[in-house]
Each structure stands twice: as C-alpha cells, then as structure tokens.
Amino acid sequence: MFITYLDRISIGLVGKRIISEFKLSNEEFGWILSAFSLAYAIFEIPTGIMGDRIGQKKVLIRIVLWWSLFTALTGITTGLVTLIIVRFLFGMGEAGALPTMSGVISRWLPANELSRGLSASLIGQTAGAAVAPLIVVTIAASFGWRTTFFVNAFIGLIWVLICWRWFKNNPSEMKGITEDEKNYIEKNRSVTSHDLKISWKKILNNRSMLALVASFFTSQWAAYFFIGWLPVYLQQGRHFSENNMKLVTSLVFVPAIIICLAGGYIGDIIVKKKGLKFGRRAMAMSALGLNSILFLTEATTQNDIVLIASFLIGFGCVLTFGVSAFGVCIDVGGNHAGAVSGLMNCIGQIGAFFLAIVFGKIVDSTGSFNAPLFVISGLLLIGSLLWLLVDPTKKLIFDPKQKVTSELTPVNE
C-alpha cells in the first residue's frame, strides 16, 4: 500500500512541470489522471476475483511487476497521447491492489480485528502519500521529473523479491506461528474452508450493497482530489511555491496515520459494544459528513491556516471511511471479499475518473479552483446519507457451518 500511493501520487506532484513541458490545459491534465482511473475501474473486479481464486500472493506479485514497468515508462513519455496510453496501462496493472489487500486481511485476521487490520494497511497508503512529496519533488528539482518514475519502479521490484520469498496466503502456510494462533485465526475469520459460490445477481439486487457502492463512488471524488489534484490546486489555485506545496502536501497525510489507526481501534470497540450495523454506519457517516463540511470550508476560506487544517482532518476522514467500507465488503463477502471489494472499488474508480476530468473542466470554465470543491462537498453529503441503507449483517453468502460472533474462540497464551 505504501508503494501503491508513492507511485500514484507522483503524477500530481510533478503535474505543474508536466503541464508546462507539454503545454497542457488543466482539462488535458485531467484526461491523463482519468486514464489511470478508467483502467483501474475496468480491471478491478476481474483482479479481485483472481485473488480469491488463485491466491493473493501471485496476484500481488503480478500487480507490482506490471505497475513498476509502466511507472518506469511514464518517465519516457513524449506528450499528451503517450501519457494517456501509459497511464491507462499503469491503471490496468495496479487494478485490484485494494481488493487483494482485503482478501489478505480476511484470511489473516479474526473478524473482531478487521477494522484495525484495515486501518493498519491503509496507513501504508498514507505513509506513501506523506513521503512521496519529500522524495518526488526533491528528485524532480535535482534530476528532472522523469527520474522520479524510474526510482519508484525500482522500489517496486525490491518489494516483489521480498513478497516472493516471504509472504504466504494463509497462516497455516507461514513458519513461526504457533498452532494456537493459527487455530484462533482460522476458526474466527470471515473466510471459510467451504467453496461457496457467489451470485452476482444477488449482489446487484441487494439494496444495502448498492447503497454501499454508491456511497463509495461519492467518497472517491474526495480521495482523488488529494491524490491527483491537491498539488496543482495548491500551486495554481492558492499560489503556493513548489517548496511550500511539497511541505504542505506531505504534512496533509501525516495526521491521517494517527486518525486512521484511532478510527480502526474505535471502530472495533463500537462494533463490539453497539453491534456491527451501528458500528460500521456510525464511523462511515461521521467521516463522510465531516469531510463534506471541510470541503465547503476549503472552498470558502481565504485563510491558509484554516485551509491546511481542513485538509489535515479531511484526508483522515477519507481513510476512516475506507476502513468502514472495506470492512463491510469483508463482513458480507466471506470467501469472496476480494470480488465484493473489487465491485465497490470499481464503481469508486469511476467516481475518481469523473473527478479527474470534471475538476479540470470546471477550473478552465470558471477560472476558479474552488468551484469544484462545492461539488465534492455535496456528493460527500449524499454519500453519508446513503449509509442509512447499508446493513453489514446481511451476508451475500450464508454458510450455516460458520458462526462468527464477537465472542471469539480464545487463543492460549
């Protein structure tokens, strides 16, 4: 997850340099960003299903090898067309990273630790986004923007070697874990040992699932503002210097690490005390509702301190919401958590696709970088209310042999 966001946010951090070198409009730069999101959306579900069927290890290695190649090729692009093609292929390769991550967590953690597991993995994203400005902008200033993509690709290849040698799909395959711990995880996790089939017709006719997917669609307008447009917004919309942009962009992601960890811990406590439905809803609605207010504040304030503070809290809300959303996918998906997460993230990436295009188009049409923030604020409010229809207690696949409750089988110390 760290490398995922280190790679993904780089294009935005050097966006002004790319726009200047290739003489692009904001709308054209938006098409470059949207090419990634479109490919990511198209291949999200197939990759999630693949992880469930053949194991997450093989899929993760394929994902990182592919995206490392096209990250490197980004550094040799020659203009708008080649950038769109390479970023589309990059998105195709990276698709499925989050659903596959969900599949790993569903196999490695008992049900009452899902929120903490998801928040821990999403912290990797945040750390990558926080470190990226310090690495990418510094390298770009010293060696040119193209060099940053070569460095990121090399980091991905190192990760592949580690995953190939060390990572296992299930606790039972990993050396150094006690039998008690293996039994504890496998008896209490969402995944079962039964090969249960999933019905896509049932998923698409499920009101709760449709509400979840629609809400996630709105959330990704905010998420991809931070990932794709924030550096450009700060430089062109708020007239920050490149150095100040680097510091602010890095700073925005740091508090999210603490907020996300706290959110995962609090989420598990609320679920234990108030039940799964209330726990997931409370965290998700609070995160989206607060972020809606924050985007409205960002669009109207002239105070840079208020603006930065709103961004600091806002990205924390993005991650906290992600914990609840992916948590529901694992809750209801069981063995098919990757496929269900893939569906949700597929529609979410369509939201990111529209944000990438619409943001630049609104800016070019109105001459204001704040105008698109009103749109994002309204969508987040709608997304928050949709959670009144989300019910994580209604599993998409019911296995009468599995009975997971908050009172889990204890592990011997």
Side-chain angles (χ1 to χ4, degrees), residues 34 37 40-41 44 98-99 102 115 118-119 122 125-126 203-204 206-230 256 259-260 263-264 266-267 270 276-299 310-311 313-333 340-359 362 371-392 394:
S34 68
S37 299
Y40 198 99
E44 189 77 342
L98 283 168
S102 298
S115 292
L118 285 164
S119 65
L122 291 176
Q125 291 184 350
T126 314
I203 292 175
L204 296 176
N206 186 292
R207 186 181 71 169
S208 174
M209 193 65 200
L210 293 177
L212 172 66
V213 167
S215 179
F216 199 76
F217 170 87
T218 69
S219 76
Q220 294 307 285
W221 286 64
Y224 275 78
F225 165 76
F226 286 104
I227 296 166
W229 277 107
L230 178 59
I259 294 172
C260 187
I266 293 170
I270 296 175
L276 188 61
K277 183 191 293 186
F278 180 86
R280 296 280 191 250
R281 280 184 182 176
M283 295 298 292
M285 292 185 72
S286 298
L288 288 180
L290 176 57
N291 217 3
S292 174
I293 296 172
L294 291 171
F295 266 94
L296 189 61
T297 302
E298 293 150 13
S310 297
F311 284 149
I313 301 171
F315 192 72
C317 290
V318 168
L319 290 191
T320 301
F321 172 77
V323 170
S324 295
F326 281 98
V328 171
C329 291
I330 297 174
D331 294 331
V332 303
V340 177
S341 300
L343 171 64
M344 182 185 74
N345 210 28
C346 168
I347 305 302
Q349 294 308 310
I350 294 175
F353 171 79
F354 282 119
L355 178 276
I357 298 173
V358 169
F359 195 98
I362 292 175
L373 303 188
F374 289 103
V375 177
I376 297 173
S377 176
L379 285 168
L380 291 176
L381 179 60
I382 295 171
S384 175
L385 296 175
L386 283 170
W387 271 76
L388 293 172
L389 301 176
V390 177
D391 186 353
K394 295 182 178 179

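FYI, side chains are in, hydrogens and waters are out, and symmetry mates aren't considered; it's all heavy atoms of this structure.
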For Val213 and Leu210, run side chain to side chain contact (heavy atoms under 4.5 Å, CB included): C-alpha distance rounded to whole Å, both residues' side-chain angles, the deciding distance at 0.1 Å, then the answer.
-> CA-CA 5 Å; Val213 167; Leu210 293 177; 5.7 Å; no
Those residues that, when tested against Phe359, pass ring pair (Phe, Tyr, Trp, His ring centres under 6.0 Å) (two or more places apart) =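 If we apply the ring pair (Phe, Tyr, Trp, His ring centres under 6.0 Å) test to Phe359, skipping adjacent residues, the hits are Phe225, Trp229.
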Ile313 vs Leu290, side chain to side chain contact (heavy atoms under 4.5 Å, CB included): CA-CA, chis, key distance, verdict | CA-CA 9 Å; Ile313 301 171; Leu290 176 57; 4.1 Å; yes
Taking every non-hydrogen atom, the tightest pair across Ala371 and Ile362 =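 Shortest heavy-atom separation between Ala371 and Ile362 comes out as CB-CG2, 3.7 Å.
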Please report the closest heavy-atom contact between Leu388 and Arg281, naming both atoms and the distance.
->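 Smallest interatomic distance, heavy atoms only, reads O-NH2, 3.0 Å.
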Point-to-point distance, once rounded to the nearest 0.5 Å, from [atom1] of [X] to [atom2] of [Y]:
{"X": "Asp391", "Y": "Arg207", "atom1": "CG", "atom2": "CZ", "answer": "9.0 Å"}
{"X": "Ile270", "Y": "Ser286", "atom1": "CD1", "atom2": "OG", "answer": "7.5 Å"}
{"X": "Leu212", "Y": "Leu389", "atom1": "CG", "atom2": "CG", "answer": "11.0 Å"}
{"X": "Met285", "Y": "Leu381", "atom1": "CE", "atom2": "CG", "answer": "9.5 Å"}
{"X": "Phe353", "Y": "Leu355", "atom1": "CZ", "atom2": "CG", "answer": "11.5 Å"}
{"X": "Asn291", "Y": "Ser310", "atom1": "CG", "atom2": "OG", "answer": "9.5 Å"}

Go through the steps to decide whether Tyr40 and Asn345 satisfy the test side chain to side chain contact (heavy atoms under 4.5 Å, CB included), and finish with yes or no.
-> CA-CA 9 Å; Tyr40 198 99; Asn345 210 28; 3.4 Å; yes
Determine, step by step, whether Leu319 and Ile259 satisfy the side chain to side chain contact (heavy atoms under 4.5 Å, CB included) criterion, reporting the C-alpha distance in whole Å, the side-chain angles of both residues, the deciding distance to 0.1 Å, and the verdict.
-> CA-CA 8 Å; Leu319 290 191; Ile259 294 172; over 6 Å; no
From the options Lys394, Arg280, Lys277, select the one residue that forms a side chain to side chain donor-acceptor pair (under 3.5 Å) with Asp331.
->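 Among the candidates, only Arg280 passes.
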Given side chains that start at C-beta, do those of Leu380 and Phe321 come closer than 4.5 Å, heavy atoms only?
->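 No. Closest side-chain heavy atoms not under 4.5 Å.
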Sort out for me which residue in Ser37, Ser219, Ser34 forms a side chain to side chain contact (heavy atoms under 4.5 Å, CB included) with Tyr224.
->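 The single option meeting the side chain to side chain contact (heavy atoms under 4.5 Å, CB included) with Tyr224 is Ser37.
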Over 12 non-hydrogen atoms of neighbours within 6.0 angstrom of CZ in Phe354 |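 Result for CZ/Phe354: open.
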